[in-house]
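To start, the structure under review is shown below, and the notes come after it.
These numbers come from the heavy atoms of this one structure, side chains and all, not from hydrogens, waters or symmetry mates. Owing to the predicted nature of the structure, the values given are computational and were not obtained by experimental measurement. Every chain is numbered from 1 and lettered A, B, ... according to where its sequence line falls, protein lines coming before strand lines.
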Number of protein chains: 2
Amino acid sequence: MKKADKNLLSGSTTLLVLSLLSAGDKYGYEMIAELEARSDHTFTLKEGTLYPILHTLERDGAVKSYEKEAPTGRVRKYYHITKRGLRLLDEKKEEWVEFSQTVNAILAGTTPALA
Amino acid sequence: MKKADKNLLSGSTTLLVLSLLSAGDKYGYEMIAELEARSDHTFTLKEGTLYPILHTLERDGAVKSYEKEAPTGRVRKYYHITKRGLRLLDEKKEEWVEFSQTVNAILAGTTPALA
DNA sequence: TTGACAAGCCTCGACAATCTAGGTATTATA
DNA sequence: TATAATACCTAGATTGTCGAGGCTTGTCAA
């Protein structure tokens, strides 16, 4: 199938980016490639989407960036998730779980357990 | 919790609307109330969002509308899902399943089964 | 009977998020 | 040497939702 329109992606991009970074520091270009690979081409996050998100996250103190030279000799801009970023990740994760469970419940025609 | 920001909702509204209609004809106001109830207030679809969607779906032949007098004496505009709408629902449902599974896989830090 | 409120449908402008399509610079490759 | 891949960035167009309003009909209380 492999397309999952961009609107579905909307709202979960920050969650996905933070999730990637929670596994270790990464640079932008790498995140795009990793998301694409890990999702088997379901997610093709565009550069025009990712870079502004990273800048916003940094402005908000959820990530910190630093430059580091790659073995190739090129300088890359790595991002590191902060404590605040981890908290944000938790919140977004919780939101996602509630949201997706609710959608699934509606699709199944049942009312979700009112916990 | 109860908020699940609007961006998550974006992209799944059509899916949700079609899903509601696949269970039987409904009028707009009713869909909003039903979604809100069935989701325990997680989804509060606004009129300014729903009505344009219904009009688009009708223009695309996914639903048909007809007027019917309610027991109260008021005339309501009911929507009925067409064969084309059912096909669209299937597609969107499949997209959703793939999308949500992939997000969950990324959150879990694993690569989804490349079925 | 009159006024307020709920039911029910609609639309316009603002806002937010993504994408398109460009730009720049460096390194690898043919 | 030229082209492609790597790596970062941004301005403008597009798209979807929302807020805020308008309009009509029915209900209910004062």
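For B:Leu20 against B:Met31, the heavy-atom pair with the smallest separation is CD1-O, 3.8 Å. Listed here is the closest heavy atom pair of A:Ala62 and A:Arg84: N-CD, 4.2 Å. Between B:Phe99 and A:Ser12, the shortest heavy-atom distance links the atoms CZ-OG, 3.4 Å.
With rounding to the nearest 0.5 angstrom, the NZ atom of A:Lys26 is 10.0 Å from the OH atom of A:Tyr78. If you take CG on A:Leu54 and CG on A:Leu21, they are separated by 7.0 Å, rounding to the nearest 0.5 Å.
Contacts between residues 71-78 of chain A and DNA chain D, counted as heavy-atom distances below 4.0 Å, involve A:Arg74, A:Arg76, A:Lys77.
When each of C:dC9, C:dA16, C:dT18 is scored by its nearest atom to the side-chain atoms of B:Asn7, the top-ranked nucleotide is C:dA16. Listed nucleotides: C:dA17, C:dC19, C:dA7. Nearest to the side chain of A:Leu45: C:dC19.
Among residue pairs with one or both ends in residues 50-59 of chain A, those qualifying as side-chain hydrogen bond (donor to acceptor under 3.5 Å, both in side chains) are A:Glu58-A:Ser65; sequence neighbours excluded.
Whole-Å rounding puts the A:Glu47 CD to C:dT20 C1' distance at 12 Å.
Taking every nucleotide of DNA chain D with any atom under 4.0 Å from a non-hydrogen atom of chain A, the first and last of them, 5' to 3', are D:dT6 to D:dG16.
Within the 4.5 Å cutoff, no side-chain heavy atoms of B:Leu50 are placed close to those of B:Leu35.
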